[in-house]
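Remarks on the structure that follows.
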Amino acid sequence: MTQQDLAERTWVSRQTIISLEQGRYNPTALLAYRIAKVFGRCIEDVFDFSEEDDET
């Protein structure tokens, strides 16, 4: 599946898909649901929403 295919199936732009892939954008709950539905998975299977430890 191309980025454009996924964008069309989830009603967003290809640029949004690119930003998601690069970690520059966190999806809304609705977009996360749509993407998970396209792949037949649960949202938790597709996205990791856990906060990273910012301590260095």
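Treat the numbers as computed from the prediction; the structure is a model and nothing was measured. For the numbers below, each heavy atom of this structure counts, side chains included, while hydrogens, waters and symmetry mates do not.
- Screening Leu6, Asp5, Val46 for a side-chain contact (heavy atoms from CB on, under 4.5 Å) with Val38, the sole residue that qualifies is Leu6.
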Quick one: side chains of residues 16-24, donor-acceptor pairs under 3.5 Å with protein atoms, not counting sequence neighbours, listed by atom name and distance.
| from | atom 1 | to | atom 2 | distance (Å) |
| --- | --- | --- | --- | --- |
| Thr16 | OG1 | Ser13 | OG | 3.0 |
| Ser19 | OG | Gln15 | O | 3.1 |
| Ser19 | OG | Arg24 | NH2 | 3.4 |
| Glu21 | OE1 | Gln3 | NE2 | 2.7 |
| Gln22 | OE1 | Arg24 | NE | 2.9 |
| Gln22 | OE1 | Arg24 | NH2 | 2.9 |

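- Rounding to the nearest 0.5 Å gives a distance of 13.5 Å between CZ of Arg9 and CZ of Arg34.
- Taking hydrophobic clusters as Ile, Leu, Val, Met, Phe, Trp and Tyr residues chained together by side-chain heavy-atom distances below 4.5 Å, Trp11 does not share a cluster with Met1.
- Counted within 6.0 Å of OH on Tyr33, heavy atoms from surrounding residues, nucleotides or ligands total 12 or fewer; the atom is thus considered open.
- Residues Phe47 and Ile35 form a side-chain contact, since some pair of their non-hydrogen atoms from C-beta on lies under 4.5 Å apart.
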